[in-house]
Enquirer: 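My questions all concern the structure below.
Order of the sequence lines sets the chain letters (A, B, ...), proteins ahead of strands, with each chain counted from 1.
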Amino acid sequence: MLTLFNTLTGKQDPFESLEPNKARMYVCGVTVYDYCHIGHARSALVFDVLRRYLEYSGYEVSFVKNFTDVDDKIIKRANEQGVSCEAVTAKYINAYYEDMGKLGIAPATKEPKATDHITDIVAMTETLVKKGLAYHVDGDVYFQVDKYPAYGRLSKRKLEDLQAGARVEVDERKHHPVDFALWKRSKAGEPSWPSPWGPGRPGWHIECSAMSIKHLGETFDIHGGGMDLIFPHHENEIAQSCGATGKEFARYWIHNGFVQVNQEKMSKSLGNFFTIREIFEKSKWSQDVTGEVLRYFLLSTHYHGPLDFSDQGLHEAKQALEGFYGLFNRLREPESNTVADRNLVSVIDRAREAFQKAMDDDLNTPVAVSELQKLRYDVNKLLEVGLSTGERQQAREAFRLVGSVLGLFQLDRWEYGAKLEPGQYQLSSTEVDAKLVERNEARKRKDFRKADEIRRLLAADGITIEDKPDGTSRWKR
RNA sequence: GGCGCCGUACCCAAGUGGCUAAGGGAGCAGUCUGCAAAACUGCGAUGCAGCGGUUCGAACCCGCUCGGCGCCUCCA
């Protein structure tokens with residue numbers, strides 16, 4: 001059974017969905033004012049894998065992930081560039097899909113935008129005002145934190161501690177320094193919508209409450225996001241939502257750790273971040289390879305802990321994946337010698353069981369991946385003894401099936417080596433095959449000078465040759 | 001000041017009370033090979049930052065020390 005570390009309870013809880021075989025999850029997406037960096041990729045990937053694993057485990061998953069498309073940073077960006085906010089958000093939403101698509105991150109079931117839910121947001125704000133949990137001052141509406149006694153239960157903070165540590169300028173109009181905006185009066189030139197308190201725009205936290213409740217119901221299963229969202233964002237979401245509905249909000253709160261660079265948090269403010277597209281542009285590997293390498297790399301650390309981003313880490317991930325795809329290539333070859341081996345099925349079953357056990361343990365992807373490494377080892381050994389064509393296909397399918405949970409091993413063909421020129425090889429596959437025939441004829445004649453010359457020629461095009469015992473060769477690049 | 005995380009081999013990374021401390025990358029030696037590549041076989045932490053303590057037993061629990069980091073402010 002799947003257990004998940006729940007920030008709310010501070011421990012690993014068995015996952016039991018509200019409705020049998022149905023899981024409803026909401027994940028805080030991105031504010032679309034810039035390109036996504038690796039940190040966004042990690043978060044998106046973690047919840048993509050959670051969703052895939054729930055589906056693999058037999059759940060029908062309703063997965064909602066929002067776009068924050070109204071915000072101070074967007075307004076600022078639009079003003080800097082002299083374009084409309086819509087132009088900014090449209091651009092970066094497109095970029096988001098492009099980047100995440102390269103990473104193999106599947107779109108959520110629903111991906112709502114804040115600006116499409118203004119009426120829901122206004123309605124929820126009104127409810128909170130009516131219930132006396134929020135108050136109106138000069139066109140702004142604030143949530144009154146001390147009216148919600150459970151405030152701080154997610155982040156394990158006491159109101160007094162927050163007050164003592166507050167480094168923000170205190171807005172005198174607020175009843176309590178920690179009170180936060182549900183609705184903000186718009187200044188001239190800012191996006192604005194009509195409301196009972198005058199023209200304005202939503203605060204940040206309320207959109208997630210309004211959209212998650214609208215699309216998933218007042219109480220749903222999983223709510224996720226980066227560690228940094230625990231406070232204040234998720235704490236505020238809980239206060240608003242529970243305050244408005246009087247019911248429990250999300251039951252499992254899942255938070256992923258940060259991507260760091262040189263042991264430091266990667267962030268915009270530190271300027272030490274890498275965007276996803278930078279990684280792809282910089283990479284000497286093909287797009288498919290880079291996407292899978294990045295996935296493998298990100299999944300080789302448990303989602304809850306920090307992850308140090310480095311070229312070396314990426315390279316190690318690539319090497320590890322090459323081991324898998326090398327095996328897949330061999331599995332594609334028709335049998336030569338058949339030694340019936342009944343172990344294959346048990347080896348696969350054992351691997352699947354171990355894989356599930358690891359994933360059940362709070363999505364322990366590093367262990368899950370290592371179980372697949374063990375399967376690779378086992379299948380390689382069986383291949384030495386001899387597997388029939390059917391068994392080879394069976395083995396390949398097992399990797400494909402289990403790998404699909406992690407989004408790995410789905411490619412038919414993997415470009416191993418570095419490209420000479422971005423986008424183009426010198427030699428086509430048929431030309432390579434012809435060269436190999438030529439080389440093997442030379443080998444038969446023991447003309448090894450000629451054979452090695454051809455090898456060098458192909459190597460210059462990024463191709464590695466592997467000679468098989470039967471005198472033919474396979475190649476990869 | 002408050003809350004919290006981390007320190008495991010050359011590198012990455014699981015393990016959080018009890019079989020020989022997973023797995024990967026790199027390395028070394030061997031099998032195979034015309035050579036190579038791949039695969040396979042073998043080697044590699046008597047020890048888990050340090051020091052104390054609890055326990056029959058600790059990397060794992062407790063305390064202290066050292067080192068690194070995060071949140072409390074927009075942030076995945």
Side-chain angles (χ1 to χ4, degrees), chain A residues 7 10 27-31 33-34 36-47 68 71-73 76 152 155-158 160-169 178 204 224-233 235 255-260 262-270 273 296-297 300-302 304-308 310 312-324 326-327 329-330 354 358 361 364-374 376-377 379-381 383-385 443 446-449 451-452 455 459 463-469 473-476:
Chain A
T7 307
V27 170
C28 291
V30 293
T31 301
Y33 74 105
D34 205 348
C36 291
H37 59 229
I38 319 286
H40 297 115
R42 185 182 194 196
S43 185
L45 179 58
V46 164
F47 294 104
T68 297
D71 173 88
D72 290 344
K73 293 187 290 292
K76 187 170 166 238
S155 57
K156 317 283 184 269
R157 290 185 166 117
K158 295 187 204 104
E160 311 89 72
D161 296 339
L162 289 168
Q163 209 169 351
R167 277 186 267 157
V168 243
E169 278 179 57
V178 186
W204 175 36
M227 289 279 185
D228 49 353
L229 297 184
I230 295 171
F231 190 90
H233 185 54
E235 194 68 62
H255 294 97
N256 65 277
F258 291 121
V259 175
Q260 312 184 324
N262 297 325
Q263 318 293 325
E264 259 188 338
K265 175 184 173 181
M266 187 173 79
S267 73
K268 296 262 163 89
S269 44
L270 289 169
F273 65 94
Y296 189 101
F297 169 71
S300 60
T301 300
H302 186 88
H304 206 254
L307 168 73
D308 215 56
S310 67
Q312 193 195 328
L314 241 38
H315 186 253
E316 286 183 6
K318 167 119 184 322
Q319 293 301 107
L321 276 168
E322 279 198 9
F324 283 103
L327 170 61
N329 276 353
R330 268 167 269 134
D361 182 18
N364 197 335
T365 55
V367 169
V369 164
S370 82
E371 294 301 342
L372 295 175
Q373 289 283 7
K374 286 179 194 162
R376 178 180 74 92
Y377 173 83
V379 173
N380 262 322
K381 272 183 102 155
L383 206 52
E384 293 250 308
V385 182
R443 287 210 299 147
K446 305 250 190 267
D447 183 357
F448 298 122
R449 242 170 64 137
D452 290 345
R455 198 217 307 269
I463 289 163
T464 308
I465 297 167
E466 290 177 22
D467 293 334
K468 294 193 278 184
S473 308
R474 67 173 78 90
W475 61 276
K476 63 188 189 183

Enquirer: Could you state the CG-C1' distance from A:D308 to B:A13, rounded to the nearest angstrom?
Expert: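 In whole Å, B:A13 C1' lies 13 Å from A:D308 CG.
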Enquirer: What is the distance from NZ of A:K468 to C1' of B:U33, rounded to the nearest Å?
Expert: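 Interatomic distance, NZ of A:K468 to C1' of B:U33: 15 Å.
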Enquirer: Describe the nucleic acid contact of A:K374 in one word from base, sugar-phosphate, nothing, applying a heavy-atom distance below 4.0 Å.
Expert: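 Touches sugar-phosphate only.
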Enquirer: Could you check how far CE of A:M266 sits from P of B:C74, rounded to whole Å?
Expert: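 Answer to the nearest Å: 20 Å.
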Enquirer: For the P atoms, the ones on B:G23 and on B:G1, what distance do you get once it is rounded to whole angstrom?
Expert: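 About 44 Å, rounded to a whole number of Å.
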Enquirer: How do A:E371 and A:V367 order along RNA chain B: which one's closest nucleotide is nearer the 5' end?
Expert: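 The 5'-side residue here is A:V367.
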Enquirer: Decide yes or no, distance alone: a donor-acceptor N/O pair under 3.5 angstrom between the base of B:G34 and the side-chain of A:D452.
Expert: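 Check passes, donor-acceptor contact within cut-off.
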Enquirer: Work out which heavy atom in A:Q373 is nearest to a heavy atom in A:A320; give both atom names and the distance.
Expert: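 The pair with the smallest heavy-atom distance is NE2-CB, 3.8 Å.
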Enquirer: Grab the CG-C1' distance between A:D72 and B:U73 for me, whole Å please.
Expert: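 After rounding, the reported distance stands at 13 Å.
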Enquirer: Name the closest nucleotide to the A:K476 side chain, picking from B:C71, B:A76, B:A37.
Expert: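 Selected nucleotide (nearest to the side chain): B:A37.
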Enquirer: How many angstroms lie between atom CE of A:M227 and atom CG of A:L229, to the nearest 0.5 angstrom?
Expert: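 The CE atom of A:M227 sits 11.0 Å away from the CG atom of A:L229.
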Enquirer: Using a cut-off of less than 4.0 Å, is there contact between a side-chain N or O of A:Y377 and OP1 or OP2 of B:U41?
Expert: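 A:Y377 to B:U41 OP1/OP2: side-chain N or O found under 4.0 Å.
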Enquirer: Give, for atom CG of A:D228 and atom NE2 of A:H255, the distance between the pair rounded to the nearest 0.5 Å.
Expert: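 NE2 of A:H255 is found 8.5 Å from CG of A:D228.
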Enquirer: What nucleotide, of B:A76, B:C3, B:A13, holds the atom closest to the side chain of A:F258?
Expert: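 Selected nucleotide: B:A76.
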Enquirer: Please report the interatomic distance OH(A:Y377) to CG(A:L327), rounded to the nearest 0.5 Å.
Expert: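 Going from the OH atom of A:Y377 to the CG atom of A:L327 covers 13.5 Å.
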Enquirer: Heavy atoms from C-beta onward define the side chain here; which of B:C74, B:G2, B:C35 lies closest to that of A:P232?
Expert: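 Nearest nucleotide to the side chain: B:C74.
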Enquirer: Quick check for you: among B:A76, B:G25, B:C35, whose closest atom lies nearest to any side-chain atom of A:E316?
Expert: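 Among the listed nucleotides, the one closest to the side chain of A:E316 is B:G25.
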Enquirer: If you look at every strand shown and take non-hydrogen atoms under 4.0 Å, does A:G29 touch a base, only sugar-phosphate, or nothing?
Expert: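 Here A:G29 touches the backbone only, sparing every base.
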Enquirer: Looking at every strand, decide which applies to A:I465 at a 4.0 Å heavy-atom threshold: base, sugar-phosphate, or nothing.
Expert: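 A:I465: base contact, heavy atoms under 4.0 Å.
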Enquirer: How far does CG of A:N256 sit from NE2 of A:H304, to the nearest 0.5 angstrom?
Expert: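 Spacing of CG (A:N256) from NE2 (A:H304) equals 9.0 Å.
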Enquirer: Where the side chain of A:Q319 is defined as all heavy atoms beyond and including C-beta, which of B:A14, B:A26, B:C40 is the nearest nucleotide?
Expert: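 Within the option list, the nearest is B:A26.
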Enquirer: Using a 4.0 Å heavy-atom cut-off across all strands, classify A:R330 as base, sugar-phosphate, or nothing.
Expert: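 Sugar-phosphate, no base atom in range.
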Enquirer: State which residues pass ring-ring contact (aromatic ring centres under 6.0 Å, His included) with A:F273; sequence neighbours excluded, sorted by chain then number.
Expert: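 A:F273 satisfies ring-ring contact (aromatic ring centres under 6.0 Å, His included) with A:H37 once adjacent residues are dropped.
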Enquirer: For A:F297, which residues count as a ring-ring contact (aromatic ring centres under 6.0 Å, His included) partner, sequence neighbours excluded?
Expert: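 For A:F297, the residues satisfying ring-ring contact (aromatic ring centres under 6.0 Å, His included) (neighbours in sequence not counted) are A:F309.
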Enquirer: Select base, sugar-phosphate, or nothing to describe what A:G225 touches, counting heavy atoms under 4.0 Å on all strands.
Expert: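 Sugar-phosphate only.
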Enquirer: From B:C11, B:G34, B:G24, pick the nucleotide closest to the side chain of A:Q312?
Expert: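 When the side chain of A:Q312 is considered, B:C11 is the closest of B:C11, B:G34, B:G24.
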Enquirer: What contact category does A:K265 fall into here, base, sugar-phosphate, or nothing, at under 4.0 angstrom with non-hydrogen atoms?
Expert: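 Touches a base.
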Enquirer: Could you check whether A:E466 gets within reach of a base, just the sugar-phosphate, or nothing at all, counting any heavy atom under 4.0 Å?
Expert: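 A:E466: base contact, heavy atoms under 4.0 Å.
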Enquirer: Below 4.0 angstrom, N of the basic side chain to O of the carboxylate: do A:E371 and A:K374 qualify?
Expert: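 Judged by the 4.0 Å cut-off on N to carboxylate O distance, A:E371 and A:K374 do form a salt bridge.
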Enquirer: Stem list for RNA chain B, please, built from Watson-Crick and G-U wobble pairs under 3.5 Å and keeping only runs of at least 3.
Expert: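 Detected stem regions: B:1-7 with B:66-72, B:10-12 with B:23-25, B:27-31 with B:39-43, B:49-53 with B:61-65.
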Enquirer: Of the options B:A13, B:C72, B:G24, whose atoms approach the side-chain atoms of A:T301 most closely?
Expert: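 So the side chain of A:T301 is nearest to B:A13.
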Enquirer: May I ask you to say what A:M227 touches in the nucleic acid, namely base, sugar-phosphate or nothing, with a heavy-atom cut-off under 4.0 Å?
Expert: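 Contact class for A:M227: none.
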Enquirer: With a non-hydrogen cut-off below 4.0 angstrom, is A:Q260 in contact with a base, only sugar-phosphate, or nothing?
Expert: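 Sugar-phosphate contact only.
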Enquirer: Which whole number of Å gives the distance between the P atom of B:A9 and that of B:A45?
Expert: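 One P to the other, the span is 12 Å.
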Enquirer: Counting any heavy atom closer than 4.0 Å, what does A:F448 reach on the DNA or RNA strands: base, sugar-phosphate only, or nothing?
Expert: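 Base, at least one base heavy atom under 4.0 Å.
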Enquirer: So which nucleotide from B:C72, B:G34, B:A76 ends up closest to the side chain of A:R157?
Expert: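 Nearest to the side chain of A:R157 among the choices is B:C72.
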Enquirer: When you compare B:C6 with B:A13, how far apart are their P atoms, in angstrom units rounded to a whole number?
Expert: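 Each nucleotide's P atom is 13 Å from the other's.
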Enquirer: A:G39 near the nucleic acid: base, sugar-phosphate alone, or nothing, with a heavy-atom cut-off under 4.0 Å?
Expert: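 Here A:G39 touches the bases of the nucleic acid.
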Enquirer: Using the side-chain heavy atoms of A:N380, tell me which of these nucleotides is nearest: B:G34, B:C40, B:C3.
Expert: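 Taking heavy atoms from C-beta onward, the closest nucleotide is B:C40.
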Enquirer: What nucleic acid atoms does A:V27 come within less than 4.0 Å of, heavy atoms only: base, sugar-phosphate, or nothing?
Expert: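 No contact.
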Enquirer: Rounded to whole angstrom units, what separation is found between the CD atom of A:E322 and the P atom of B:G25?
Expert: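 Value for this atom pair: 10 Å.
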Enquirer: Between CZ of A:R455 and CG of A:D467, what distance do you get to the nearest 0.5 Å?
Expert: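 So the CZ of A:R455 and the CG of A:D467 are separated by 6.5 Å.
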Enquirer: What distance, rounded to whole Å, do you find between the two C1' atoms, one in B:C12 and one in B:G18?
Expert: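 Straight-line distance between the two C1' atoms is 28 Å.
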Enquirer: Between A:D467 (CG) and B:U33 (P), how many Å, whole number?
Expert: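 For the pair A:D467 CG and B:U33 P, the rounded distance is 12 Å.
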Enquirer: Between B:C32 and B:G68, how far is it from one C1' atom to the other, in whole Å?
Expert: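 Taking atom C1' in both B:C32 and B:G68, they lie 47 Å apart.
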Enquirer: In whole angstrom, give me the gap between the P atoms of B:A22 and B:U16.
Expert: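 Per the computed distance, 13 Å lies between those P atoms.
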Enquirer: On a whole-Å scale, what distance lies between the C1' atoms belonging to B:A59 and B:C40?
Expert: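 Roughly 33 Å separates the two C1' atoms.
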Enquirer: Taking 4.0 Å as the cut-off, does a side-chain nitrogen or oxygen of A:R376 come that near to OP1 or OP2 on B:A39?
Expert: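 Yes, within the criterion.
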Enquirer: Verify the contact: side-chain N or O of A:N364 to OP1 or OP2 of B:A14, cut-off strictly under 4.0 Å; return yes or no.
Expert: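 No, because none of the side-chain N or O atoms of A:N364 sits under 4.0 Å from OP1 or OP2 of B:A14.
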Enquirer: Checking all strands, does A:H304 fall into the base, sugar-phosphate, or nothing category for heavy-atom contacts under 4.0 angstrom?
Expert: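 Nothing: the residue A:H304, judged by heavy atoms under 4.0 Å, touches no strand.
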Enquirer: Assess whether side-chain contact (heavy atoms from CB on, under 4.5 Å) is satisfied between A:R42 and A:T301, documenting all intermediate values.
Expert: CA-CA 11 Å; A:R42 185 182 194 196; A:T301 300; 4.0 Å; yes
Enquirer: Got a donor-acceptor contact below 3.5 angstrom from the A:E235 side chain to the A:G152 backbone?
Expert: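 Here the side-chain-to-backbone pair exists.
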Enquirer: Nearest to the side chain of A:S370, which nucleotide is it out of B:A22, B:A14, B:C3?
Expert: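 Of the options given, the side chain of A:S370 lies nearest B:A22.
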Enquirer: How many Å lie between NE2 on A:H315 and P on B:G24, as a whole number?
Expert: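 It is 17 Å, rounded to the nearest whole Å.
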Enquirer: Step through the shown structure and confirm whether more than 12 heavy atoms of other residues, nucleotides or ligands are within 6.0 Å of NZ on A:K468.
Expert: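 For A:K468, atom NZ is crowded (more than 12 foreign heavy atoms under 6.0 Å).
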Enquirer: Can you work out whether A:H302 or A:C28 has the more 5'-proximal nearest nucleotide on RNA chain B?
Expert: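 Counting from the 5' end, the first nearest nucleotide belongs to A:H302.
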Enquirer: Think A:K318 has a side-chain N or O under 4.0 angstrom from the OP1 or OP2 of B:G24?
Expert: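 No, no such contact exists.
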Enquirer: Take the protein atom CD of A:E384 and the nucleotide atom P of B:U33, then report the distance between them rounded to whole Å.
Expert: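 Going from A:E384 (CD) to B:U33 (P), I get 13 Å.
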Enquirer: When the C1' atoms of B:C48 and B:G15 are considered, how many whole Å apart are they?
Expert: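 About 10 Å, rounded to a whole number of Å.
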